[in-house]
Amino acid sequence: MKIAVIGGVAAGMSAASGARRHGKSAEITVLERGSAVSYGACGLPYYAEGRIADWRSLIVHTPETFQRERGVEVRTNAEVVELEHARRRLRLRDGGTASYDKLILCTGAALHPPPPEGVHTLHNPAGAAKLRQRLDDAAPGRAAIVGGGYIGIEAAEVLRARAWRVVIFEQRGDLLGREDSELTRRIGSHLTRCHVDVRLGQAAKSFEADRVNGEPFELVLLAGGLRPNTELAQQAGIALGRTGAIAVSDHMETSTGGIYAAGDCAETTDLVSGAPVWIPLGTTANKMGRVAGACAAGARERFPGVVGTTIARACGLGVAVTGLSPAQAKAHHFRPATVWIKAKDRASYFQGHPTEVQLTADKGTGRLLGASVMGYYGVEGRINTVAAALQARMSLEDFAQLDLAYAPPFSPVWDPLLVAAHQLRKLLH
Ligand SMILES: Cc1cc2nc3c(=O)[nH]c(=O)nc-3n(C[C@H](O)[C@H](O)[C@H](O)COP(=O)(O)OP(=O)(O)OC[C@H]3O[C@@H](n4cnc5c(N)ncnc54)[C@H](O)[C@@H]3O)c2cc1C
């Protein structure tokens, strides 16, 4: 059996590996239009900052190692321009063709519309390399970041570390796309203390290399406007979902039998609300890809969906979210009750710092709905605990009884999550 994968980053390489695991004798080919495969885009901000000397250390596999270790042919500079499913054939930009029995679309997401000339991005290694060069060559000045999602916030940290003054333009009234004014206020205050000027509700209506809305800047970086890359799918008549990404079953199969999709080009299910969502993340892309590959090779694996767990660092502060914000919960017809608490992240005599926890539960059913955690230590452990509870559809009552680890170097005896849970119980009873 021939399995072709289009796209060779997180989803594509995981799909090829998943297919190999279940299809020992399958002929598997990855077609990637770029010159590199299998790199961690998540590390690009830190490469641009100078923390990572060479972006190539973000590469996990080269085409050669993948061929040698997994028996998968990886073709770079191989852009697929047409998908003729009736003939199970792909047409490439260089005039060549490739055939398949099963196809996996891992085409990712793209900035749409593409940024004007001279506007920086962090979307791929070439963009990050240009930004790095600029930061190395130019004296620090004033920079504008367009977009207040997690990439914009990470970019602000990078630019501040290189002594640039930073303005973030965010067209929405909130940061991280969470529709959460309280979370936004808290992140915004922290960024302001770090000398980042956050302009909420200000769309960058026009921007170019050295100005945004007519205001001059020495550097402009686009960190928003990502859209699922669905051109090939649409051309082949594959259905998109409500979010505009490719609709897939939990076996990652599209509306066209024999064609699968995974990663940033595909939609998934929000396990808290049950609604379709598009949350493009590397962690999800890897898991979806693995399932798509396994299923294309004949296995029956499932990708159930996500709870939207995201973490980023904002000028040294860890900011993490999972599940629904109170406003999102309301929009999905829950009756959310929410608390914010501030507690020490570990014992005071072990350099404990304040950490802030937001916990949300449904007044009607007592079900846990979501959380945010902000702090300097233990943020990932705490948000992951809530993520696991959300995936298990845990009630607040059960969550408040969790047996969490304690020793002074790691946490206070009452973990901040439990402090928040006990506060929230009072609002539910
Ligand atoms: C700056 C930055 C920081 C990030 N940080 C994090 C993080 O901390 N945590 C996290 O979970 N996620 C993070 N992400 C997101 C993560 O990198 C993406 O979700 C992940 O790369 C998606 O993988 P993918 O394989 O679906 O798509 P992509 O990585 O976009 O790969 C798709 C590939 O398909 C190729 N392709 C597209 N069309 C064709 C075609 N027609 N023919 C051939 N090839 C084609 C493209 O060239 C591309 O290489 C970050 C992203 C960025 C940009």
Side-chain angles (χ1 to χ4, degrees), residues 6-12 15 32-34 41-42 44-45 79-83 93 104-117 119-128 145-155 168-172 174-179 203-208 212 220-248 252 254-256 259-270 275-286 288-289 292 305-306 308 310 312 328:
I6 308 179
V9 190
E32 165 57 54
R33 70 178 166 200
C42 315
L44 291 175
E79 181 177 6
V80 177
V81 289
E82 201 184 338
L83 197 171
R93 178 153 316 273
I104 311 175
L105 299 171
C106 299
T107 47
L111 298 169
H112 191 79
E117 188 65 28
V119 168
H120 288 275
T121 73
L122 278 168
H123 188 61
N124 51 36
I145 295 173
V146 179
Y150 77 92
I151 295 179
I153 285 173
E154 288 180 351
I168 296 181
F169 288 86
E170 170 51 60
Q171 62 180 352
R172 300 166 57 116
D174 55 82
L175 294 168
L176 292 180
R178 288 278 291 175
E179 300 164 50
K205 290 201 178 103
S206 69
F207 61 96
E208 49 195 292
V212 175
V220 176
L221 189 151
L222 176 62
L226 206 59
R227 302 274 177 276
N229 214 337
T230 56
E231 259 171 54
L232 282 177
Q234 281 178 279
Q235 193 198 87
I238 292 170
L240 304 187
R242 267 183 9 214
T243 65
I246 301 170
V248 286
M252 307 312 299
T254 68
S255 59
T256 300
I259 302 186
Y260 300 76
D264 283 7
C265 64
E267 186 171 276
T268 188
T269 302
D270 179 325
V277 278
W278 183 63
I279 305 180
L281 283 173
T283 168
T284 312
N286 276 290
M288 283 178 158
V306 297
T310 310
Q328 290 170 331

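Computed from a predicted model, the values in this text were never measured in an experiment.
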- Determine yes or no for a side-chain-to-main-chain donor-acceptor pair under 3.5 angstrom, with Glu170 supplying the side chain and Val146 the backbone. no
- Spacing of CD belonging to Glu82 relative to CZ belonging to Arg93, to within rounding of 0.5 Å: 11.5 Å
- Would you name the heavy atoms of Leu122 and Ala155 that are closest together and state the gap between them? CD1-CB, 4.0 Å
- Item | Between OG1 on residue Thr230 and CG on residue Leu240, distance to nearest 0.5 Å | 5.0 Å
- Query: Where do Ala223 and Ile145 come nearest, in terms of heavy atoms and distance?
  - Reply: CB-CG2, 4.0 Å
- Task: Tell me, with the steps shown, if Phe169 and Val220 meet side-chain contact (heavy atoms from CB on, under 4.5 Å).
- Result: CA-CA 11 Å; Phe169 288 86; Val220 176; over 6 Å; no
- Note on the structure: Nearest heavy-atom approach of Tyr260 to Thr254 is C-CG2, 3.8 Å
- Task: Give a yes or no on whether the backbone of Cys265 and the side-chain of Asn229 come within a donor-acceptor separation of less than 3.5 Å.
- Result: no
- From CA spacing to verdict: side-chain contact (heavy atoms from CB on, under 4.5 Å), Ile104, Ile259: CA-CA 6 Å; Ile104 311 175; Ile259 302 186; over 6 Å; no
- Item | Which atom of Phe207 lies closest to which atom of Pro116, heavy atoms considered | O-CG, 3.4 Å
- Quick one: does Glu79's side chain have a donor or acceptor within less than 3.5 Å of a partner on Arg33's backbone? no
- Query: When you measure from the side chain of Glu267 to the backbone N and O of Thr243, does any donor-acceptor pair fall under 3.5 Å?
  - Reply: yes
- Examine distances only and state if a side-chain atom of His123 and a backbone atom of Ala109 form a donor-acceptor pair shorter than 3.5 Å. yes
- Query: Are Leu221 and Thr121 close enough, and set up right, to give a side-chain contact (heavy atoms from CB on, under 4.5 Å), and what steps lead you there?
  - Reply: CA-CA 5 Å; Leu221 189 151; Thr121 73; 6.0 Å; no
- Item | Test item: Gln171 side-chain N/O and Ala204 main-chain N/O as donor-acceptor pair under 3.5 Å | no
- Query: Is any side-chain heavy atom of Val212 less than 4.5 Å from a side-chain heavy atom of Ser206?
  - Reply: no
- Message: Nearest 0.5 Å, please: how far is CG in Leu105 from CD in Glu231?
- Response: 12.5 Å
- Value rounded to 0.5 Å, distance of CG in Asp264 from SG in Cys106: 10.0 Å
- Heavy-atom pair with the smallest gap, counting every atom of Met288 and Thr268: CE-CB, 3.5 Å
- Item | Side chain Thr256, main chain Ile238, donor-acceptor under 3.5 Å | no
- Query: Looking at Ala233 and Ile246, what are the two nearest heavy atoms and their distance?
  - Reply: CB-CD1, 3.6 Å
- Query: Val277 pairs by side-chain contact (heavy atoms from CB on, under 4.5 Å) with which of Asp270, Thr284, Thr269?
  - Reply: Asp270
